[in-house]
Amino acid sequence: MDERIVMVDSATGLRLTEGELDEWSAAATVQLRRRGVRLGDSVLICLPVGPHLLVATDAVIAVGAVAWPLPAELDACDLRRRILASHARVMISDLPQALDAADGSRVRTVVSVADLRVLAPSRRDADRR
């Protein structure tokens, strides 16, 4: 039986299956916890609409934190205003304008999309050693 596709990125054509979403979200949840994100924390998410945004949002919710989505197309002034209003100390973004807008805010940890994909070695990999 084929696995169900939950999202297709219109920009890249990347297809994300239900299993891939679950695996990637679980890995992202671990990474957020390792970076100190805890129950009730506010986490800014500034990513374009697509699989990365879906995974980041799932991971933030799985940690028990509050997701604060910031539209990636906002101008620098609006981004900065929303970042300051959030009082968040964590942001998930790879966008230079979001990183610049967070300068001088309470944001102390910036997590990139690549950071969310880091997985611990699988059991299968350990068996090969």
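Expressed to the nearest 0.5 Å, how far CG of L79 lies from CD of E73 amounts to 9.0 Å. One distance of note links CD of E18 with CD1 of I5; it measures 11.5 Å at 0.5 Å rounding. Interatomic distance, CG of L44 versus CG of L70, reported as 5.0 Å (0.5 Å rounding). The distance from the NE2 atom of H52 to the CD1 atom of I45 is 13.0 Å, given to the nearest 0.5 Å. Between the CD1 atom of I83 and the CE atom of M91 there is a distance of 5.0 Å, given to the nearest 0.5 Å. Atom-to-atom distance recorded for D58:CG and T29:OG1 is 8.0 Å, nearest 0.5 angstrom.
Taking the side chain as every heavy atom from C-beta outward, V37 and Q31 never approach each other to under 4.5 Å. For the pair L32/V111, a side-chain contact is recorded, criterion being any heavy-atom separation below 4.5 Å from C-beta on. No side-chain heavy atom of V66 sits under 4.5 Å from any side-chain heavy atom of V60.
Put simply, the residue from T57, I92, L54, V55 that forms a side-chain contact (heavy atoms from CB on, under 4.5 Å) with L47 is I92.
A donor-acceptor pair is defined here as one N or O able to donate and one able to accept, closer than 3.5 Å; no such pair exists between the side chain of R106 and the backbone of S86. Within the 3.5 Å criterion, the main-chain N or O of S112 finds a donor-acceptor partner in the side chain of D115. Under the 3.5 Å distance criterion, the side-chain polar atoms of D41 are matched with a main-chain donor or acceptor of R38. Of the possible donor and acceptor atoms, none in the side chain of R108 sits under 3.5 Å from a partner among the backbone N and O of R89. Looking at D94, its side chain does come within 3.5 Å of a backbone N or O of V113 through a donor-acceptor pair.
The two residues A28 and A59 come nearest to each other via the heavy atoms CB-CB, 3.5 Å. Nearest approach of S93 to A98, heavy atoms of both residues: OG-CB, 3.5 Å. The minimum heavy-atom distance between S105 and A102, with the atom names listed, is OG-O, 2.6 Å. Heavy atoms only, all atoms of each residue included: P71 and C46 are closest at O-SG, 4.2 Å. Residues A85 and W68 come closest through the heavy atom pair O-CH2, 4.2 Å. Contact between G13 and V8 at its shortest, heavy atoms only, is O-CG1, 4.1 Å.
Under a hydrophobic-cluster definition in which Ile, Leu, Val, Met, Phe, Trp and Tyr are linked whenever side-chain heavy atoms come within less than 4.5 Å, directly or via other members, V110 and L74 are assigned to the same cluster. Cluster membership for V49 and L16, using ILVMFWY side-chain heavy atoms within less than 4.5 angstrom, is shared. Hydrophobic clustering of Ile, Leu, Val, Met, Phe, Trp and Tyr side chains at less than 4.5 Å, counting indirect connections, unites L53 with V90. In the hydrophobic cluster analysis, where Ile, Leu, Val, Met, Phe, Trp and Tyr join through side-chain heavy atoms closer than 4.5 angstrom, W24 is grouped together with V6. With hydrophobic clusters built from ILVMFWY side chains whose heavy atoms lie under 4.5 angstrom apart, L116 does not share a cluster with L95.
Residue R15 places its CZ atom among 12 or fewer non-hydrogen atoms of other residues, nucleotides or ligands, all under 6.0 Å distant.
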